[in-house]
Amino acid sequence: MAWAKILVSVACAAALALPGPAAGAPSTEPKALRKHTFKVNPGPLPAREKTAWSHAPYEAGDCSICHASADPRKPGPVTTSGNALCYSCHDEFQEIMKRPYQHPPAVESCLNCHNAHNSRERGLLHTELATGCKDCHRQVKEIAETSKVKHGALDQGAKCANCHNPHGTSVEKLLIQLPYDQCVSCHAVDDMKDHEGVVLTNYKKWLDENKVKHAPVQAKDCSACHRTHGGENFRLLIAEYPATFYSAYDRKNYALCFSCHNEKVVSEPETRTLTNFRDGSRNLHFLHVNKADRGRACRACHEVHASRQPRHVRDGVPYGPTGWVLKINYLKTPTGGQCARTCHDTKSYER
Amino acid sequence: MGEQARRRLILGVLGGALSGVLWPLTGSAFANVEVGQRVENVELATLDGRREMLLSGKALANVLVFFRPGHDRSLDTLKAMAVCEKEFTAKPVRWVAVVSGSHARDELRAFVIASGIQMPVLLDEGDALYGKLGVRLHPVIGIADEKGALLDYVPYHRINYCDMIRVRIRHALHEVDLAAVERVDQPQKALFPNAVPGAVAGRRVKLGEMFLESRQWSKAAEQARIALEKEPGLAAAHVLMGQALAGQGKCRQALPAFDQALKIDPGSASAAEGRRGCEGKR
């Protein structure tokens, strides 16, 4: 049996005689030859190579399942060209390749990523999954390797395939699900830690308990605020956001918030249009935030993911080195609101 | 509670209830105009020096794109809407981009040209419209019907934004139903090939059928065995097993396989045929 396999391997590789590196030898040439046709070895790996996975028809030793002849020494060309041959057994691809977003290399040829005979890698991939992805997606590779703040999802479990399906999906960027569903499927435990060992919030629990959701969360769009491959800011945020209760006001520090919110909401002392948090025309956002020394950061009053109260107003805010929770005691009224004896004595406002 | 506040509360409750009827998928709105409420039609100056109405009574979908210049997300959105705009050229869809009148005109023109949009750009002098609607975010898109009732409000989404706007316009045009909107808002999980129900067993059956064609009965039986191990309720795998056994002259063992297939799928012609072929050979 072993000899038969060796014979099949050698003969199939010879018979296919397609352009490619010497079987099993790593290519030094760029992978992408034409648009999405990669230079890969389509034949079986050399018999000397230790393979872990075999394609069922190849394992059965009958080349005629896919080739013109059953003779392993001379199998001839494949009976059907292109992906149609694969789909004749892999029926599920009739549905997969109808999904709105498709991976161009998969559309062009299954053989771009898979070896139809055998492989050292699961899924009959030519190379380890993440390595294969990063061979083309160089920018992601660079971000993943050089970013200050890392995302564990990139090098744990299924790696790239934790979030992406490289065949076809119903979500842009070949995401398996909308970002929120994707993120919460992992961030749903109490003991997850970041790369520096800091325990991360169980967001499934938090979001289940707090029903007033920030618009991007409600839209299931975590990537509106977080980078997923790696970043330079705290918690993989896409832009600057003060990590502390007090922060000297500088618009640059609030780049994250201003990527959606109008920065005028904290730069205009008087307004009747920019915010409902105003006393007459006195802009109370400006009053709280826009200070040269001890401006209150957005987080002082607002919960950024989800809250119990409307307008994402927090119940309380962790304050000081011990994280003592300072109650905000906010009360909304039809024409304004009030904060009762918290950071300051009870104060109310009327629009 | 003052008269004005009371009126606002009643309007809010009615608007909320109405929005639930009109568009049950919506979860948010402009700060001052709920989904289902009327957007007031106003005439505004345009960036190219004309004056235009905010809404058109002839359009089934009035698409209002609020943006600000010098803002990456606004530019991404306008570029996406430039593509979307072309898709609806021949349809009763009216597009307008609305921007605060406080920005320098040259900056605005350069930004709009870079985006490629063809829709008129309306200038909101003194941010009167922004204030009236309560536009707090950028970019944000509102969709109103021909009477000006707000059908939906969609703030920026980094993922699938264009799809979400497109399907809502098509819904306003009565081209798709709410289920289509929901499919875009809650897309199905993209299962990997081996996770698609029945995929692995189905593949084995197809391979086994190829072995049957070349009369490799034992190899076919082996594929049937593997398929049944993965999915015992797969009628086609029982048929394959029956056919592989019958091919080897083992009709006595093949009959229970055909029977099992017929039990699962009484309409299976191949199981019935296999059974008939074996009945006289027990």
Side-chain angles (χ1 to χ4, degrees), chain A residues 56-57 60-62 64-66 70 88-93 95-96 99-101 123 158 161 164-179 181 213 215-216 218-225 238 258-265 271-276 311 333-335, chain B residues 1-2 4-6 8-9 27-28 31-32 68 71-73 100 102 126-128 130-132 134-140 154-164 183-194 196-199 202-204 206-207 210-211 214 216 219 222-223 226:
Chain A
D62 185 351
S64 70
I65 295 291
C66 303
S88 64
C89 281
H90 292 259
D91 211 18
E92 68 276 13
F93 275 85
E95 179 270 319
I96 290 173
R99 293 172 186 165
Y101 295 95
H164 302 277
N165 183 327
H167 302 108
T169 72
S170 300
V171 181
E172 280 180 348
K173 316 279 181 198
L174 289 171
L175 287 169
I176 294 169
Q177 306 173 84
L178 286 176
D181 296 323
K213 295 183 170 63
Q218 189 174 322
K220 299 195 161 194
D221 190 14
C222 306
S223 55
C225 300
I238 60 162
F258 297 153
S259 64
C260 284
H261 292 269
N262 191 342
E263 64 188 77
K264 284 195 216 166
V265 76
T271 182
R272 287 194 179 271
T273 59
L274 291 165
T275 177
N276 286 341
R311 302 283 169 214
T333 65
T335 53
Chain B
M1 191 187 290
Q4 200 184 0
R6 205 169 14 245
R8 211 179 281 176
L9 183 68
S28 54
N32 299 337
R68 70 174 192 253
H71 181 234
D72 291 345
R73 292 181 173 190
S100 167
S102 63
D127 295 334
Y130 269 68
K132 211 177 285 175
V135 180
R136 301 282 185 257
L137 305 173
H138 283 124
V140 64
V154 193
Y156 174 81
H157 288 56
R158 186 155 182 270
I159 301 289
N160 280 14
Y161 197 26
C162 205
D163 288 353
M164 298 175 88
R183 278 196 296 277
V184 171
D185 286 357
Q186 300 293 334
Q188 276 198 331
K189 186 174 181 178
L191 296 176
F192 277 78
N194 287 358
V196 173
R203 245 178 256 161
R204 291 292 180 167
K206 282 182 185 282
L207 181 58
M210 290 181 195
F211 285 130
S214 56
Q216 300 186 69
K219 284 184 180 176
E222 174 63 3
Q223 296 307 318
I226 298 171

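Predicted model, so just to flag it, every value in this text is computed and none were measured.
In this structure, no portion of A:Ala70 lies under 4.5 Å from any heavy atom of chain B. Interface remark: A:Lys220 contributes side-chain atoms only to the contact with chain B (heavy atom separation under 4.5 Å). Only the side chain of A:Arg311 comes within contact range of chain B, judged by heavy atoms closer than 4.5 Å. Of the two parts of A:Glu172, the backbone and the side chain both hold a non-hydrogen atom closer than 4.5 Å to a non-hydrogen atom of chain B. Both the backbone and the side chain of A:Ser88 come within contact range of chain B, judged by heavy atoms closer than 4.5 Å. In this structure, the portions of A:Phe258 lying under 4.5 Å from any heavy atom of chain B include both its backbone and its side chain. A:Pro179 touches chain B through its side chain: at least one heavy atom from C-beta onward sits under 4.5 Å away, while N, CA, C and O do not.
Relative orientation of the A:His167 and A:Phe93 rings is perpendicular, given thresholds of 30° and 60° on the angle between their planes.
Rounding to the nearest 0.5 angstrom, the gap separating the CD atom in B:Gln216 from the CD1 atom in A:Ile65 is 6.5 Å. Here the CZ atom belonging to A:Arg99 is positioned 7.5 Å from the OG1 atom belonging to A:Thr169, to the nearest 0.5 angstrom. Note that the NE2 atom of A:His164 and the CD1 atom of A:Ile176 stand 8.5 Å from one another [nearest 0.5 Å].
No more than 12 heavy atoms of other residues, nucleotides or ligands lie within 6.0 Å of CD in B:Gln188, so this atom counts as exposed by the packing criterion.
Using a 4.5 Å heavy-atom threshold, the side chains of A:Leu274 and B:Tyr130 count as separate. No side-chain heavy atom of B:Asp163 sits less than 4.5 Å from a side-chain heavy atom of A:Pro100.
Residue with the most contacts toward chain A among B:Cys162, B:Ser102, B:Pro193, B:Gly126: B:Pro193 (heavy-atom pairs, distance under 4.5 Å). Ranked by heavy-atom pairs under 4.5 Å with chain A, the list B:Leu191, B:Val184, B:Asp127 is led by B:Leu191. Your options are B:His138, B:Lys206, B:Arg183, B:Arg203, and the one with the most heavy-atom pairs under 4.5 Å with chain A is B:Arg203. The most heavy-atom pairs under 4.5 Å with chain A, out of B:Arg136, B:Met210, B:Lys189, come from B:Arg136. Counting heavy-atom pairs closer than 4.5 Å to chain B, the top residue among A:Ala224, A:Ser259, A:Ala56 is A:Ser259. Between chain A and the residues B:Asp72, B:Ile159, B:Val196, the most heavy-atom pairs under 4.5 angstrom are made by B:Ile159. Interface remark: of the candidates B:His157, B:Glu222, B:Gln186, B:His157 forms the most heavy-atom pairs closer than 4.5 Å to chain A. Ranking A:Asp91, A:Asp181, A:Thr333, A:Asp62 against chain B, the residue ahead of the rest is A:Asp62, based on heavy-atom pairs under 4.5 Å.
A donor-acceptor contact shorter than 3.5 Å links the side chain of B:Tyr161 to the backbone of B:Val154.
Contact between B:Lys219 and A:Gly61 at its shortest, heavy atoms only, is NZ-C, 4.5 Å. Shortest non-hydrogen contact noted between A:Cys225 and B:Arg73 is N-NH2, 4.3 Å.
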